[in-house]
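Here is the structure we will look at.
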Amino acid sequence: MIGNTKKWIGVAGTITVLAGQFLISPAIFAAGGNAVEEGKKIAFDRKKGNCLACHNIVNAPSPGNIAPALVAMKARYASKEELRMQIWDATIKNPESAMPPFGKHGILSEADLEKVVEYVWTL
Amino acid sequence: MKQLFRQLTLMVLTCGIITAAQATTPEEDLKAFQNFYKKRFPNVEYTDYVNGAYAIDPVGRENWEAIEEFPPYEPFIDEGQAMWEKPFANGKGFKDCFPDGPALGSKYPSWDKEKGMVMTLPLALNNCLEANGEKPLKYKKGPINDILSYIAFESRGQITNVEIPSDDPRALEAYEAGKKFYYTRRGQLNFACAHCHLQNAGMILRTEILSPALGHTTHFPVYRSKWGTVGTLHRRFTGCNKQVRAKPFKAHGEEYRNLEYFLTYMSNGLPMNGPGARK
């Protein structure tokens, strides 16, 4: 619990650094622009990721507020792999999590999940 | 900052959910439930929980109050009254099965010691029909909603008072089974009922404000704009199971009967206000 709180305070601090993150984005687009774009579609698709049911994402239509906004991911996750774990099965980190285990329960295919990770990593 | 606060409340809630699950006696469960929501929504009057999401959503409430001025469930009540009064082919009628009249709301669900199971109102109505050589009604859609609307209307103001008799340990077992159901994750999306209606009550899931479980049973059957008609509690259970991609159970089969027993017990003390209207 305390660890989480710290993380959140950390986020407040890093939001100011966000501008810096945008500078990194073009590099990501160069590396896998398509994966990011496709990942976004999958994340927004109600029948697939439906992340917006619970998460806010900047400029996203009618998001829910059950979960923290998906911002400043790189500040919160040391690696893409760690982010992938959260999306694969959120109950590893938080056994009470309401977030569906997208990988473990096969809600998203492996390929789709990878793309979602690519997209969320840019947020 | 706002997000930080949300995150903290979420964590506090997560702890609360566990306490609620661990309490031992039904009385303690009920207290834990009530206290949980009291902390979550300190400004909501206890009796206002009968109004579901509208107890905590002022904007939705305004629309709903406008709808209630011309209640969409009214024709169903009238139909139901006609059903109540119309004799069966054998000359008898519902009146003979239920001599105390149609205000039956607070009598169900109840423990049926003889049958060793939870008796629900729709089940009792169908038992009456079958005992008189009539065809039973379907449990989710159709005319059952007429008769239930009438009975709910006649029962308005009665206080929910589910009893778990101590002279039959199977009654407590049925309650415990219903409670376990409520806290068990299901379906591909891996949700328990408690995730949405306890842990995240008051939060927004896409465009829906998640209603508290307290008061969930007081207003059924309910007219839902999405359905365009009145539907039963077990139809709602089915829908909530389906939306997490779980296979729904049989309406008035053992699982949902026990679930109803637990969930209605959690509304003990709240007045009945069916039929209801929801978006």
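Note that this is a predicted model, so its numbers are computed, not measured. In what follows, chains are A, B, ... by sequence order, proteins preceding strands, each numbered from 1.
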Item checked: Toward chain A, the part of Leu210(B) with a non-hydrogen atom under 4.5 Å ->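 When you check distances to chain A, only side chain atoms of Leu210(B) fall under 4.5 Å.
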When rounded to the nearest 0.5 angstrom, what distance separates [atom1] in [X] from [atom2] in [Y]?
{"X": "Arg206(B)", "Y": "Cys54(A)", "atom1": "CZ", "atom2": "SG", "value": "9.5 Å"}
{"X": "Leu52(A)", "Y": "Leu205(B)", "atom1": "CG", "atom2": "CG", "value": "11.5 Å"}
{"X": "Glu208(B)", "Y": "Ser62(A)", "atom1": "CD", "atom2": "OG", "value": "11.5 Å"}

Next item on the list: Taking the side chain as every heavy atom from C-beta outward, state whether His105(A) and Leu189(B) have any pair of such atoms under 4.5 Å apart.
Entry: no
Margin query: Donor-acceptor check, side chain of Asn190(B) to backbone of Pro100(A), threshold 3.5 angstrom: yes or no?
Written below: no
Next item on the list: Show the numbers, then the answer: is there a side-chain contact (heavy atoms from CB on, under 4.5 Å) between Gln199(B) and Ile66(A)?
Entry: CA-CA 9 Å; Gln199(B) 188 189 51; Ile66(A) 285 173; over 6 Å; no
Next item on the list: Quick one: closest heavy-atom pair of Arg46(A) and Arg245(B), and the distance?
Entry: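 The answer is O-NH2, 4.5 Å.
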Checklist line | Flag if over 12 foreign heavy atoms under 6.0 Å of CD, Glu62(B) | finding: no
Next item on the list: Answer yes or no: does atom CD of Glu254(B) have more than 12 heavy-atom neighbours from other residues, nucleotides or ligands under 6.0 Å?
Entry: no
